[in-house]
Amino acid sequence: MEKYAQLVVRSKSVSIDDLFTYKIPEFLLCDLKVGHRVLVPFGQGNKPTEGFVFEINDKSKLEDGKLKQIIDILDENPMLRVEDLELINWMRNRYLCTYMDCINLMYPKGYKLNSYRIINLGDSLRSLSDTDLYIELEKLNNSQKEVVEKVINSKGRLKVDNLESICKNTNEIYKMNKEKLIDLSWAYESKKNEKKICYVSLSMSKEKIDDYIVENKIRVTELQRNILNFLENNDDVEINDLLDLLSVHRQSITSLQKKKLVTLEFKDYYRQPEHIFTQQSKKVKLNEEQISAVQKITSEMFNDDKKPYMINGVTGSGKTEVYMEIIEYALEQGLDSIFLVPEISLTPQVIDRLKNRFGSIVGVFHSKLSEGQRHDVYRAVREGRVRILIGPRSALFAPFNSLGVIIIDEFHEGSYKSEQNPKFSTIEVAKFIGLKNKVSVVLGSATPSVDEYYRAKSGQYNLINIRQRANKKPLPKIEVVDMKKELTNGNKSIFSFRLQEEIKRTVESGNQVILFLNRRGYANFVSCRSCGFLFQCENCDISLTYHKESNTGRCHYCGYEVKIPKKCPECDSEYLKPFGVGTQKIEEELQGIFPNVNILRVDKDNTSKKGSLEEILNKFESGEAQILIGTQMISKGLDFANVTLVGILSADMMLNFPDFKSFESTFQLVTQVSGRAGRAEKEGNVILQTYDTNHYAIRRAINYDFDGFYEDEIKIRKAFGYTPFNNMLSVVISGKNEKTVIESAKNMYNSIVYLLENRGINNFDFILGPNPCSISKIDKNYRWQLLFKDDNIEINLLKGIIKYICITKREVVFRKGVNISIDINPNSVL
DNA sequence: AGCACGCCGACT
DNA sequence: GTCGGCGTGCTC
């Protein structure tokens, strides 16, 4: 009986985001499984294309004549598991993205299919003798002649891309193809980024080899003799070592192989990511709260209907120890674990603790891993050599055979929401996986997000509280300094008198200080005090951040950089002045106040190089410096025993950010940063500088009153209809041409209104916009936005309509050259 | 993305 | 009347 496969083909075009039916040839019938990667002909040109089998059926909706056949299976085992397919379907619908967007998350880019067109001589020229061919050639025009000559010289290995120098467009090529002057055919290569290492050994025992050479009268050169001698004493030598040690060429070895004296064997090689940060592992005894958290979760591990868990534990409550106990229990039961962290490069200490405890079965996914290393980790997970994977949100899709636990540490962090397609929420996806595959999902944070805490309170999570720090020390006291008063007392510096005094005291007593400021660079912007001219990015709607060491203004969005001149380009005055403070300026001023103190700085500007963050942290840990200045990067995961003072230089900077989540992030940052103080035996102290001493986010934060903050914040969210009470859907339309962007945005609004009116909906208050985005231009692209709340409209109806307009009717509604970005519950609406 | 088809203006 | 540019639409 005929069988048919429903598959998704790899393509960059949104309009091909659908299931296509192919016939399964008989020779593949028993091998082909759902989830397999296959090779299929696609489009009028039958281009060899990668496909992913989603279904296998007995019947086809389409008539047989329209169907093509699958050519081959590309991998021995299906690349996607049945549960992956289910997840892909769910994500595609939830985040309004394509199948391919989701599939791309599931396996590393190393598995690739490249197809290209090969040109040969066409039928009308092929059988001709040399002289006839010459005559035919003379009849052609110049460019045709050149093409045919190139084809003749290339011996059938000519790619169409190589002809671009001759033909301006590929049209000419197609025409020649039709006239049978040339023949176009497809070729493809399937890549698997699996690094193999070649090992060399003698093909027979050393006793026999000399006889063999004599018997068969084999000539062996001196170099080759050396190789054989070496191999007689060392079996299984890596070929590169052999080449290096004996300084011979590969040629010698291949010739020995041809003479059947040595054998080459390819073995898998696993690239080991190196690892720099070192820390002594301290064995900890869990306190009662920690033990009961572990017991609650482990005791339910095999329950079918368990809810996800939320651990709300104060900073320093030893959540990592709890996670490790859970992972160990799972391991004893034969279950694998995924440990998600917000950004892997920021948590070297956590990785180290896991590696110390569990050894080589711990795998790490890095944003800084090479594609090959990532590939190796993926395979190690598949083959069961890695049982615990620690990584950022992408680690969620690792192909574990028996996954038991997903831990999301610091789950309130923004990096858990993807900014690229599919714009998924890690928490939502983890919960989906947990529900479908009976996996225990554990969210942990000292400062849960308001959204998830609301869900916990309404019973969607098992809420576990840990209220005591592991070292039983009280949380560091947070002292507020009113910067308005500092100003009236004549202190214009960034450092209040209190903070200066405390830094001095701390350093003198041999302890360490962490200073936090959420802005890198030297100054916020450069402006002319005479005429008000502001240095702005050419490509973005953003003022340039001043970087002193290079005397430039830099755009933190697109990387644009420009020298700051001595005189104002507008009015020629010399009153150009940098305004606002960044970490670089803090460093400079602090060094001025404390010339004998060593200061380290950590921000995106000096940690982009691999290992540089670890290096700085190691220096700080070893006491080489007394003060560490940093941005968000130092707000979490760091554990330094000697830090007794934390200074938060400007809490307002975050508070005044124009986004509805800015109060929440202020509260979170203050709490997290304060938690860096007094983590070991010594008591910690925090000084928080602000102009707005009365804001509830600040007041609640200094008392570590999360529940109080939550109560304040949730009222506001409810009043304005923000999450968690409503879903918010953002559609950003961008493009280089401002006019077409605006036109498209207005078109979209009108189309939606039209469709909704047809369904009897007349109140459109839930649509905000179209408006220019707060940052109305990024990297030369103008940006307009439409915001939807599912206030009085069913979310699936809304999503259906948006999908219909943005994808199905895309060409009708949107002008050419505009991009559409759809985001469900975006992190920020800028 | 490709590739083909078809409409329209320019040129023999 | 024909050639070639490009806009349009489909891909199992």
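Proteins get letters first, then strands, A, B, ... in listed order; numbering begins at 1 in each. Basis for what follows: all heavy atoms, side chains included, without hydrogens, waters or symmetry-related copies.
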From CG of L113(A) across to P of dA1(B) the rounded distance in Å is 18 Å
Judged by modelled atom types alone, do D183(A) and N120(A) share a side-chain donor-acceptor pair under 3.5 Å?
no
Indicate, with a heavy-atom threshold strictly under 4.0 Å, whether L62(A) touches base, sugar-phosphate, or nothing.
base
Set of residues satisfying ring pair (Phe, Tyr, Trp, His ring centres under 6.0 Å) with respect to Y560(A), sequence neighbours excluded
none
Is the distance between the ring centroids of Y749(A) and F764(A) under 6.0 Å?
no
Decide whether S821(A) and K423(A) meet the rule of one side-chain donor and one side-chain acceptor closer than 3.5 Å.
yes
Strictly below 4.0 Å: does K68(A) bring a side-chain N or O up to OP1 or OP2 of dC12(C)?
yes
What is the separation between atom NZ on K66(A) and atom P on dC10(C), rounded to the nearest whole Å?
11 Å
Give, ordered by number, those residues of residues 30-61 of chain A having at least one heavy-atom distance below 4.0 Å to an atom of DNA chain C; if nothing qualifies, reply none.
F42(A), G43(A), Q44(A)
State yes or no: are the ring centers of Y107(A) and H375(A) separated by less than 6.0 Å?
no
Going by atom types only, do R382(A) and Y378(A) share a side-chain donor-acceptor pair under 3.5 Å?
yes
What's the OH-C1' distance between Y116(A) and dA1(B), to the nearest Å?
19 Å
Could you state the NZ-C1' distance from K23(A) to dC12(C), rounded to the nearest angstrom?
11 Å
Could you tell me whether the side chains of D101(A) and T98(A) share a donor-acceptor contact shorter than 3.5 Å?
yes
Do the two ring centres, one from F424(A) and one from F397(A), sit under 6.0 Å apart?
yes
Looking only at side-chain N and O atoms, does K68(A) offer a donor or acceptor that is under 3.5 Å from a partner on N46(A)?
yes
Sequence neighbours left out, cut at 3.5 Å: what donor-acceptor pairs do the side chains of residues 430-437 of chain A make with other protein atoms?
| from | atom 1 | to | atom 2 | distance (Å) |
| --- | --- | --- | --- | --- |
| K431(A) | NZ | Y461(A) | OH | 2.9 |
| K436(A) | NZ | E86(A) | OE2 | 3.3 |

Watson-Crick and G-U pairing of DNA chain C written in dot-bracket, each distance under 3.5 angstrom, with | for inter-strand partners
|||||||||||.
Using a heavy-atom distance cut-off of less than 4.0 Å, which residues of residues 5-21 of chain A contact DNA chain B?
S13(A), S15(A), I16(A)
Can you list the residues that meet the ring pair (Phe, Tyr, Trp, His ring centres under 6.0 Å) rule with F54(A), with sequence neighbours excluded?
Y99(A)
Whole-Å distance between dA4(B) C1' and L184(A) CG?
14 Å
